[in-house]
Each structure stands twice: as structure tokens, then as C-alpha cells.
Visitor: 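Before anything else, here's the structure in question.
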Amino acid sequence: MMTKLFEPYTIRNLTLKNRIAMAPMCMYSCMDEDGIAGDWHRVHYASRAVGQAGLIILEATAVQPQGRISPQDLGIWSDDHVEGLSQVTSLIRQHGAAAGIQLAHAGRKSEVDGPIQAPSAIAFSEDYKTPVEMSTEDIRETVEAFTAAARRAGSAGFDLLELHGAHGYLINEFLSPLVNHRNDKYGGSAENRYRFLREIIDGVRSVWQGPLFVRISAEDYADGGMTADQYVQMAEWMKEQGVDLIDVSSGAVVPAKIRPYPGYQVPFSETIRTGADIPTGAVGLITSGLQAEEILQNERADLILIGREMLRDAYWPYQAARELHTEIEPPVQYSRGWTF
Ligand code: FNR
């Protein structure tokens, strides 16, 4: 029996062989601090493709050097990054998965040396530096950096792009009224707080015709913060601009307490999927095939993103398939593992 989890899923020109995506996860493994993908990235991501995930989304990859969370982050701010990333996409695709990349800027959560930027000059917590409030010129340069990064991602052979609009990083900082205290056209109303992301999506769409996701933090878990209901309007704008799927995460915008439980972010995905009539991805403490299948069967999301469970088990899709009594094809080299 074919389950929904193992059904192919088409987004624009791309067909994934199943609905399992590896969630973007920073590896902090560019030891020369140059943002260039190396052996770790080739082995780590290719293993999950052999493990039969339909889509692998590479970790938050910085569009500007000051947009790195740490000096060991992957980068895509220069043409020098294309060669290393091309090797990763080539390996992922050789093993039957699609290759995605999360384009990111850490904003006020950057821990690199030197000044850091944010919509307003407010630190995340006392453990972080106070950022410099971005000028209109800084905003323009950053939008251009996302656009240039999207162009480079195309050259590196990626099938899909995701913009990191979640977890309290730069885009999220503009969207949330808890962090964005600006008085110009980039702050205040929802429309104004959305303007930075709007300009980035327009920039990216001018150079990239393939599938485009945006990851959001649908709930700030703090008074006066964003909620999934409020994100419905923004998701409608994203859809109008040609975003294909909202990857629905939550939190980390301000240091608020979260009490996660299995599937805790799925209700946010449902709210946005129903409210804005746009495909969504569900992520967060999804660890079993049955749990993933329930989410898809009940149309609570269109794609399942697996994070930590895929760090523990690169071959998680095989386990999920067994649980769902579905057969999936192993790579030919491993087929004897399936003979008894
Ligand atoms: C993450 N997460 C994350 N999210 C993101 O949007 N970009 C990123 O680069 C990272 N980096 C990252 C590193 C590591 C080591 C972990 C564990 C997590 C969050 C991740 O994508 C996912 O949303 C959460 O881990 C919740 O899903 P799971 O792990 O419960 O399946």
C-alpha cells in the first residue's frame, strides 16, 4: 500500500520522491571560518540522501559574512562558495534526493566579531551584542545579498531555496513587533514589518524560477508577539509573491520559555495551511512514520521535516517505511541487506 509519506510530491518543476525532508540544521563545520563546504558537509548530506529522504535542505547558509551565527557557518556571500556547494548538490542528487538550501542572515543573533545588524538596536539578551540599527542603505544591500545568494545557489545546482524567516534571525526580527521598533516604512504596521521580506522575495524571484520556501516562527510565545493567526495574512502575501510552501516552525524570537511536545508546531501549520490556502511543512518533534502519516492524511501539512531524528538516524526513512508497511527501494549496493 502506498502511504502519503512515500507518495511523490511535485512543487513547480520539481518532483520529490517522497514527502520526507531533512530540516535545515547548522553543522558549524567550516573550520577555516571561510564558509566553504568541506568533507563533513559532503559526507553528512549525502548520507541522508542514501538514507532516502526526498529533500535535503542544507543548513542556514549566510548571505553576508556578518549574517553568520558563528564563524564556522556555511556561506554563500561570494562566488568562491559555489564550487564546494556544487559538490554537495551533485552528491545529493546522485543519490536520488533533491537539494535545497536555506539562505540566512543571523541579524542580532550573530556571534561573529565586529558590528552586527538588526532592525532596531536592541540586544536579544545580555549574552548577546547590541546590534546597530540598519539604515535604508543597509537594508538595500542585504536584499541584494539575498538575491545574489539565490543566483549562486542556482549556479551550485540547488533544486529548491528556503528563506530563513524564523528563530529570531534577521528576517524574523523585521516581522515581529517585539524586535522591530522602527518608525520608517520597515516598521509599525504588519505591511511595513513585512516589507523587508517582500523585497527579498521579489529579489530572489527575479533570479530564481524554481521552488521557494519560507521558514517562519509562527508563534513568539510572548505577549504582544506574533501568532499563527497573524501570520495567515503574511502567508497570503507570500503566496501572491510566488512562495510555494511555508515551513512552519516557532519561537526563538525573544528568550521565551517553550514547552515542546510531539508535533507541537503542527497546529500552527494547520492554521496557516487552512487560513492562507498555501502548502505547509510541519516540523518539530516528529519522530515516527505513523506520526508523520497522520499529519499528512489529515491534511495538516504537505511535507514533513525531520530534524534531530535524522541526526540520530541517517536512514530514518527506512524505519518509517517499515512502520507503515511500505516498501522502498534501497540503493542497489545495499539490496543484499534486504535478502534473508
Ligand atoms: C537546528 N534548527 C535549525 N533551523 C533552521 O531553520 N536553520 C538551521 O540552520 C537550524 N540549525 C539547527 C541545528 C541543530 C543542531 C538543530 C538540532 C536544530 C532547527 C531544526 O531545523 C528543527 O526545526 C528543530 O530541530 C525541530 O525539529 P526536530 O529536531 O524536533 O525534528
Side-chain angles (χ1 to χ4, degrees), residues 5 19-30 35 37 40-41 44-45 47-48 51 53 55-63 67-76 85 88 99-107 109-112 146 149 153 158 160-173 175 197 212-219 221 245-253 258-269 272 280-292 294-295 301 303-314 316-317 319-320:
L5 188 60
R19 290 174 187 249
I20 303 172
M22 180 186 186
M25 284 179 285
C26 286
M27 290 288 107
Y28 309 112
S29 292
C30 300
W40 176 261
H41 304 96
H44 167 69
Y45 290 114
S47 302
R48 274 69 192 174
L55 170 66
I56 313 282
I57 307 183
L58 262 67
E59 64 202 78
T61 303
V63 302
R68 286 174 294 175
I69 302 166
S70 82
Q72 289 78 30
D73 288 13
L74 275 184
I76 191 162
L85 291 170
V88 179
I101 185 167
Q102 190 184 50
L103 304 180
H105 190 299
K109 288 175 118 180
S110 171
E111 293 178 40
V112 297
F146 271 98
F158 283 98
L160 181 149
L161 307 186
E162 174 168 283
L163 301 174
H164 198 346
H167 305 162
Y169 298 115
L170 188 62
I171 292 174
N172 197 176
E173 291 163 16
L175 298 177
L197 177 54
L212 178 63
F213 292 3
V214 177
R215 178 169 266 208
I216 61 164
S217 273
E219 168 67 55
Y221 303 101
L245 180 142
I246 314 279
D247 174 4
V248 185
S249 187
S250 71
V253 179
I258 308 178
R259 287 186 189 77
Y261 55 88
Y264 68 107
Q265 296 175 143
V266 178
F268 306 140
S269 158
I272 285 159
T280 57
V283 66
L285 284 179
I286 302 169
T287 53
S288 87
L290 280 167
Q291 187 191 1
E294 182 278 324
I295 294 165
L303 189 71
I304 302 293
L305 290 102
I306 307 289
R308 286 161 294 179
E309 188 64 17
M310 245 187 228
L311 296 184
R312 295 185 283 263
D313 181 4
W316 181 82
Q319 203 193 103

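We count ligands from 1, going down the list as the structure has it; atoms in each ligand are counted the same way. Just the heavy atoms: all of them, side chains too, but no hydrogens, waters or symmetry mates, feed the values below. The structure presented is a predicted model; accordingly, all values stated were derived computationally and were not measured.
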Visitor: Counting non-hydrogen protein atoms only, what is the nearest one to atom 10 (C) of ligand 1? Give residue, atom name and distance.
Guide: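 I find the closest protein heavy atom is Pro24 O, 3.1 Å.
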Visitor: Using a 4.0 Å cut-off to any heavy atom of His167, which atoms of ligand 1 qualify?
Guide: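 With His167 as reference, the close atoms of ligand 1 come out as 4 (N), 5 (C), 6 (O).
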Visitor: Could you check whether Ser250 and Gln265, counting side-chain N and O atoms only, form a donor-acceptor pair closer than 3.5 Å?
Guide: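 Present: a donor and an acceptor within the cut-off.
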Visitor: Check for a donor-acceptor pair, side chain of Ser70 on one end and backbone N or O of Arg68 on the other, with a separation under 3.5 Å.
Guide: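 No; zero donor-acceptor contacts below 3.5 Å.
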Visitor: Within a distance of under 4.0 Å, is there any protein heavy atom near atom 24 (C) of ligand 1?
Guide: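 So atom 24 (C) of ligand 1 lacks protein heavy-atom neighbours under 4.0 Å.
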Visitor: Under 4.0 Å from ligand 1, counting heavy atoms only, is it the side chain of Met27, its backbone, both or neither?
Guide: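 None of Met27 does.
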Visitor: Any nitrogen or oxygen of Ala60, main chain or side chain, under 3.5 Å from a nitrogen or oxygen of ligand 1?
Guide: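 Min N/O separation from ligand 1 is below 3.5 Å for Ala60.
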Visitor: Under the 3.5 angstrom rule, does the side chain of Arg48 hit a backbone N or O of Met22 as a donor-acceptor pair?
Guide: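 Side chain of Arg48 to backbone of Met22: no pair is present.
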Visitor: Could you see which bit of His164 sits under 4.0 Å from ligand 1, with heavy atoms only: side chain, backbone, both or neither?
Guide: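 For His164, only side-chain atoms sit under 4.0 Å from ligand 1.
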Visitor: Is it the case that ligand 1 has an N or O less than 3.5 angstrom from some N or O of Leu285?
Guide: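 Min N/O separation from ligand 1 is below 3.5 Å for Leu285.
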Visitor: Just which atoms of ligand 1 are under 4.0 Å from any heavy atom in Ala23?
Guide: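 Atoms satisfying the 4.0 Å criterion: 21 (O).
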Visitor: Ligand 1 versus Gln102, non-hydrogen atoms closer than 4.0 Å: side chain, backbone, both, neither?
Guide: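 Side chain only.
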Visitor: Please confirm whether Ser249 comes within less than 3.5 Å of ligand 1 when only nitrogen or oxygen atoms on both sides are compared.
Guide: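 Not met; the criterion fails.
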Visitor: Angle between ring planes, His167 versus His164, binned at 30° and 60°: parallel, tilted or perpendicular?
Guide: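 Perpendicular, since the angle between the ring planes exceeds 60°.
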Visitor: Taking distance alone, with N or O pairs closer than 3.5 Å, would you say Cys26 contacts ligand 1?
Guide: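 N/O-N/O distance under 3.5 Å: yes.
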Visitor: Keeping Trp316 on the side-chain end and Ala53 on the backbone end, is there a donor-acceptor pair under 3.5 Å?
Guide: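 Pair absent, no side-chain N/O of Trp316 close to backbone of Ala53.
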Visitor: For the side chain of Ser217 and the backbone of Ala166, is there at least one donor-acceptor N/O pair under 3.5 Å apart?
Guide: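 A pair under 3.5 Å: no.
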Visitor: Using a 3.5 Å cut-off on N or O atoms only, is Arg215 in polar contact with ligand 1?
Guide: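 Checking ligand 1 against Arg215, an N or O pair does fall under 3.5 Å apart.
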Visitor: For ligand 1, which is the ligand I care about here, please tell me if Arg308 has any N or O atom under 3.5 Å from one of the ligand's N or O atoms.
Guide: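 Between Arg308 and ligand 1 (N or O atoms, distance only) the closest approach is under 3.5 Å.
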Visitor: List every atom of ligand 1 that sits less than 4.0 Å from any heavy atom of Gly284, numbering the atoms from 1 in the order shown and giving each element.
Guide: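 Per the distance check, 26 (C), 27 (O), 30 (O).
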Visitor: Does Glu59 use its side chain to pair, donor to acceptor, with the backbone of Met27 at less than 3.5 Å?
Guide: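 It does hold such a pair.
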